[in-house]
Amino acid sequence: MRRPLVFVLALISSSLLMLISARTPSSQATPTNVGSETCKGCHEAQWTAFQKNPHYRAEIDAAVIADQAGCESCHGPGSQHVEAGGDKSNPGFATIRNFKKMPADQASATCAGCHKSGGQFHWDQSAHARNDVSCVKCHSIHHAKNEGAGPMLTAEDVNHLCITCHKDKRTAMARSGHMPLREGSMNCADCHNPHGAPSKNMIRAATTNDLCYTCHADKRGPLLWEHAPVREDCLNCHQPHGSNNDKVLAGKRPFLCQRCHVATRHPATLYDNPDLVTNRLFNRSCTNCHSQVHGSNHPSGKYFLR
Amino acid sequence: MATLRRLMVAALAGGVVLSAMSTDVVAADGEFTIGGQWFDQTVPEAKFREFSEVPRGGFLQSFMAQEWSGRNSVALWGANAIRDDQASRLTWANGARWRMDLGYAQIPHTFSQIARWGWLQSAPGAFSLPDSLQARNQGIPSSYTQRMADFLKTSPTIGLGFDTKTSTARLRARPARGWQFELRGTHRKRSGIKPYALAFGFSTALENPEPIDQRMVDADFVADFRRDRFSLQASAGLSAFQNRVDELKVDNPKRITDLATGDGPAVGVLDLYPDNRVVRGSLGLGYTMPRRTALNATLSLAQTRQDDLFLGFANNSALPQSSRDSLPAQSLDGKARQLNGDVRLTTRPTEDLDGTIHFRYSDYDNQTPELNFIGQSPYESGWQRFIEHPNHVMSNTRWQTGLDLGYAFTPQIKVSGIAEYRVRERTHREVEKDTETLLGGRLRLRPADGLSVAGLYTRGDREADAFHVDDYIGLKVGATAGLYDTPGFVEHPSLRRFDVIDRVQDRATADVSYAFGERVELSATYAFTRNDFKNDTTLGLQEDRMHSVASSGTIHVNERLDLTGGYGLGKGRTFQRSRTSAGSVMVFTPDSNWTAKIDEEEVFVFAGFAWSPHARFSLGADYQFSRNVTDYDLTGTRTIPAVDLPSTIFRNHHTMLDAQWRWLENTSIIGRWAWEDYDVNDFASNAVPLIFPVTGTANAVFLGDSSQGYRAHRLALLVKHTF
């Protein structure tokens with residue numbers, strides 16, 4: 001199974017590389033710049049609002065944008081658009097770059113002219129870029145809806161923006177066991193980098209566990225007595241987007257623990273209705289005694305009791 | 001409060017400085033919303049306050065102020081000021097060259113307002129009982145339950161919960177084209193109390209309020225360089241965790257003197273999480289090629305250390321091995337190295353064709369020394385001697401490679417294929433290596449303007465390389481009392497753990513979205529996941545699956561009226577099989593098998609409108625409902641039938657109505673009413689008593705933090721002013 005798959009991957013890779021080595025087509029003749037004062041003539045509202053925008057202050061810094069083309073540094077040279085005089089049937093009218101109508105990768109490439117560092121370093125490889133989610137799907141320079149000095153979003157905040165597409169996460173956030181996303185104290189971008197990351201699900205750390213240790217550093221270890229599924233992956237037991245069990249657990253105790261522990265005596269005992277008076281079912285169940293479930297550094301902590 | 005004052009002063013100072021530097025103040029604006037609120041709730045406990053401080057009286061809901069002067073700008077933003085759940089941020093920028101962000105946030109996490117605790121805290125983490133109580137419980141154990149019940153019911157109420165205060169700072173510089181430097185730091189201070197157990201003997205669970213006083217510091221420096229097609233990113237950082245309460249030391253309610261067996265010591269000691277620190281670095285390279293092709297490679301390395309001193313085997317003078325002297329080392333000298341790598345090639349050589357090839361590697365190399373322990377005392381009662389008993393130093397490695405290739409037959413139809421191969425390896429587990437092959441496809445259709453349909457399906461087939469049943473063998477007590485020297489199964493040999501064993505996973509999603517001009521947007525998502533571990537003879541998780549549907553819609557009826565709404569439904573099932581061995585002898589026939597089929601159903605509904613019947617008046621309402629029901633269908637052994645557990649039910653209604661009147665040009669008055677109804681029916685957490693069970697012989701002392709249903713109302717009057 002493995003060899004044929006590797007062969008197929010190699011064949012496809014070489015085909016792609018052959019396509020890559022072909023020359024790019026030459027660009028066609030383009031219109032020329034007219035200056036932002038000309039744009040202001042018809043788009044005064046956008047121009048006025050733009051002056052509050054950090055991009056305006058970047059525009060007036062020649063070290064950052066050498067040609068200081070103003071509006072045209074994003075929207076492209078506007079001479080033919082201006083000459084069309086508002087006539088949409090004139091082919092020159094559409095020569096201006098309209099981000100709502102551009103293909104996603106072209107819209108994003110405009111922004112990437114400046115924004116390709118820091119958190120955007122991995123944008124080209126991100127799931128959003130590959131699925132044609134462009135920068136302007138989430139950000140708006142002229143019509144931002146979020147308040148405060150935030151990243152100019154097309155929704156009132158990060159969580160509302162993400163659940164526009166990731167609707168199942170809205171339901172998850174409403175569950176009884178949850179992190180404080182719906183209260184506004186956390187947002188999706190605290191754990192995920194929407195601009196891409198070299199990790200699974202674009203999380204802001206190399207591994208899931210490393211991400212969790214950012215806030216839950218007490219679990220980082222290493223510890224004397226490790227609990228194997230904990231060290232491998234926190235998601236073996238937890239559902240971070242929300243769960244109907246406390247501590248965002250993936251299942252109710254003791255059944256969660258009994259998925260992996262079938263020993264003699266109480267670990268594998270079936271606790272049913274008459275056992276509501278046992279401390280192995282009631283309240284915190286197994287962790288009524290085995291509180292050190294993430295591992296223990298105590299010499300007698302092998303069973304996570306100390 | 002002090003933090004807010006400092007931020008405001010900083011902002012004002014910044015504004016004064018900027019104004020003095022330039023005569024070119026272009027603009028300044030801002031807003032604030034202040035008001036007063038009254039709320040009530042029908043019970044002392046309320047889940048809507050779990051992560052929020054709901055104000056009663058005057059409060060500052062939000063503020064924002066920003067000023068621009070030439071290339072400089074300063075912005076100050078805050079929410080829930082001076083409350084437990086406050087957040088604020090100060091940003092200064094000089095064009096695109098310099099940017100500084102300072103932030104502060106507090107996140108409360110309230111577990112309970114109704115817990116009770118009768119022990120006295122003499123030092124952080126040290127809880128004591130009156131000697132007379134311990135002595136009477138030891139001398140007259142038959143009346144322990146009644147005596148403790150009487151003692152606990154008069155004990156004071158404690159608020160269980162903690163908060164995390166997070167301060168962040170970031171400085172970003174772009175000194176020249178292609179260069180960017182970023183220095184950022186975070187300090188988290190977590191303090192409060194949370195429930196934590198320390199058990200005495202086999203049937204005395206004791207829940208304590210663990211004091212939390214922890215500090216976490218993270219600092220990173222990131223440098224980026226770009227020129228033409230080439231980009232480079234390098235970073236270095238460190239993190240440190242400090243726990244200022246190292247141990248939980250609790251008086252045993254049943255003992256005043258140490259006993260070598262049974263109820264054990266007079267004082268039990270539990271080791272709380274040790275301090276740790278990490279140093280890390282990473283390097284990323286990117287190269288852009290023609291045909292919209294990019295190659296990106298990242299390598300990161302981190303080293304973790306943990307070296308807290310061990311406690312002794314037991315805090316029990318009656319045991320032969322109580323002191324630290326008999327340990328194989330004074331501390332763990334724990335070390336772990338984490339190495340990660342990622343290489344991706346993304347290309348779009350033509351408008352119709354795109355693809356990504358990736359390889360990802362992650363290695364957690366636990367370099368902690370293996371220590372041989374001569375025994376242990378799990379409850380600090382009784383001594384279990386071993387011939388040889390090392391700790392397991394657990395490491396793991398995983399890598400995967402994959403291809404995602406898409407082709408658009410027409411602008412309306414695009415098909416993609418996905419293939420991945422994954423390998424995971426680990427030490428000290430019954431399965432040390434497993435491999436998974438994942439294949440799938442994606443379809444995207446745009447049949448008409450504004451209409452898009454997408455579907456994704458993947459199937460992952462994971463196989464364990466080999467199953468080492470000897471990993472289920474441990475040392476049991478042999479012929480000599482207290483000496484654990486006889487190998488025997490500590491887990492049933494038929495158990496197959498879901499995280500490592502053979503598994504087929506099917507995942508599917510479907511999305512439909514429709515936008516009718518700019519007036520109507522409708523969308524729906526369906527998601528399905530099924531993990532099949534089935535095997536007729538094995539024990540453990542057999543299957544788990546989840547279906548969910550989520551939909552939402554927005555209708556811009558006209559310039560004055562917007563409607564929104566949505567619905568979500570989810571159904572999940574887990575099925576697991578186990579086997580009871582009532583005594584110390586493991587049962588190898590299926591006669592004592594039992595199963596648990598756990599079904600979850602959740603519903604989520606939301607609806608709202610925003611209406612402006614008049615230029616100066618607007619009305620908004622928002623309603624949300626969520627309900628989850630979990631049923632437990634249990635089957636007992638062949639001879640003993642099981643009685644199903646009561647279903648757990650969570651149900652929440654929440655509605656909010658806002659009326660806003662623009663009184664002056666820049667000032668609006670807002671009236672707000674909110675109502676919430678929360679029901680919880682959970683056999684494990686409703687009516688948690690202080691001594692448990694309430695009749696018969698007590699086997700636990702709890703904090704009594706029951707989950708409660710409630711109804712709550714809020715009325716607020718706010719003023720919003722913009723300037």
Side-chain angles (χ1 to χ4, degrees), chain A residues 5 9 16 19-20 24 54 57-58 61 64 117-118 121 124-125 148-149 167-168 171 174 176 180 183 185 198 206-207 217-218 220 222 224-226 228-229 231-232 236 244 255 258-260 262-264 268-270 272-273 276-277 279 282-283 288-289 291 297-300 302-303 305-306, chain B residues 51-52 71 75 77 91 95-96 107 180 196-197 199 205 216 224 233 241 270-271 273-274 276 290-291 293-294 296 298 313 332 334 336 340 342 344 346 349 368 376-378 391 394 492 495 497 499 525 527 539 541 548 550 568 578 581 584 586 594 604 626 628 634 642-643 650 693 699-700:
Chain A
L5 183 64
L9 286 172
L16 286 171
L19 281 168
I20 289 160
T24 51
R57 278 172 291 291
D61 187 342
V64 176
S117 306
F121 188 81
D124 287 331
Q125 284 77 29
K167 290 182 230 341
D168 55 327
T171 311
S176 61
E183 288 85 356
S185 294
T207 64
D218 48 339
R220 185 182 281 134
L224 175 60
W225 307 107
E226 298 276 13
R231 193 52 63 207
E232 273 197 58
N236 279 328
N244 289 299
F255 302 104
Q258 290 177 319
R259 293 178 185 180
C260 293
V262 184
T264 55
T269 300
L270 170 62
D272 62 345
N273 204 326
L276 290 175
V277 292
N279 60 19
F282 192 75
N283 199 31
N288 281 332
C289 293
S291 55
N297 210 50
H298 190 292
S300 290
K302 184 184 175 206
Y303 298 119
L305 295 160
R306 286 294 183 274
Chain B
F51 292 110
S52 303
R71 290 210 307 259
W77 170 90
T91 299
I107 304 178
Q180 177 174 295
Y196 214 63
M216 286 159 271
D224 285 85
Q233 183 178 78
F241 167 75
L270 180 145
D271 190 21
Y273 292 108
N276 59 66
R291 297 279 188 178
T293 300
N296 210 303
T298 309
F313 279 110
L332 184 64
N340 297 281
D342 183 90
R344 293 168 196 240
T346 312
T368 300
Q376 67 161 346
S377 180
N391 57 314
M394 291 184 177
H492 203 287
L495 170 67
R497 293 187 171 126
D499 62 325
T525 298
L539 307 174
L541 188 62
S548 69
S578 189
S581 298
S584 60
M586 193 163 276
W594 59 265
F604 179 73
S626 61
N628 169 271
L634 309 175
V643 180
F650 297 97
N699 57 42

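We name chains A, B, ... by the order of the sequence lines, and we start the count at 1 in each one.
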Practice prompt. Between chain B and each of Phe121(A), Trp225(A), Phe255(A), count heavy-atom pairs under 4.5 Å; write down the option with the most.
Written response: Phe121(A)

Discussion item. Testing the basics here: between Thr346(B) and Gln125(A), what is the closest heavy-atom pair and its distance to 0.1 Å?
Written reply: OG1-CG, 3.1 Å

Fill in: Interface moiety of Thr207(A) toward chain B, non-hydrogen atoms closer than 4.5 Å
side chain

Item to complete: Looking only at non-hydrogen atoms, find the nearest pair between Ala197(B) and Ser291(A) and report the distance.
Response: O-OG, 2.8 Å

Discussion item. Out of Leu305(A), Asp124(A), Asn283(A), Asn288(A), return the one with the most heavy atom pairs under 4.5 angstrom to chain B.
Written reply: Asn283(A)

Practice prompt. Give a yes or no answer on whether the side chain of Ser300(A) reaches the backbone of Phe313(B) with a donor-acceptor pair at less than 3.5 Å.
Written response: yes

Worksheet entry | Proximal component of Asn296(B), with respect to chain A [non-hydrogen, under 4.5 Å] | both

Practice prompt. Check whether any side-chain heavy atom of Thr171(A) lies under 4.5 Å from a side-chain heavy atom of Ser548(B), and answer yes or no.
Written response: no

Discussion item. At a 4.5 Å cut-off on heavy atoms, which part of Phe650(B) comes close to chain A: side chain, backbone, both, or neither?
Written reply: side chain

Item to complete: Grab the two heavy atoms, one from Pro222(A) and one from Leu332(B), that are nearest each other, plus how far apart they are.
Response: O-CD2, 3.7 Å

Worksheet item: Quick one: does Asn276(B)'s side chain have a donor or acceptor within less than 3.5 Å of a partner on Ala217(A)'s backbone?
Response: yes

Worksheet item: Of the backbone (N, CA, C, O) and the side chain (C-beta and beyond), which part of Met216(B) lies under 4.5 Å from a heavy atom of chain A, both, or neither?
Response: side chain

Worksheet item: Is it the side chain or the backbone of Ser377(B) that comes within 4.5 Å of chain A heavy atoms, both, or neither?
Response: both

Item to complete: Could you tell me which portion of Asn391(B) (side chain, backbone, both or neither) has an atom closer than 4.5 angstrom to a non-hydrogen atom of chain A?
Response: both

Item to complete: Using non-hydrogen atoms and a 4.5 Å limit, figure out which bit of Gln233(B) sits close to chain A: side chain, backbone, both or neither.
Response: both

Discussion item. Quick check on Asp342(B) against chain A: is it the side chain, the backbone, both or neither that has a heavy atom closer than 4.5 Å?
Written reply: side chain

Worksheet item: Taking side chain as C-beta onward, heavy atoms only, is Phe282(A) less than 4.5 Å from Asn699(B)?
Response: no

Response to the item:
Scanning both residues in full, the closest heavy-atom pair of Ala642(B) with Asp272(A) reads CA-OD2, 3.3 Å

Discussion item. Looking at every non-hydrogen atom in both residues, tell me the closest pair between Thr525(B) and Lys167(A) and how far apart they are.
Written reply: OG1-CE, 3.7 Å

Fill in: For Pro378(B) against Arg306(A), the heavy-atom pair lying closest together
O-CG, 3.5 Å

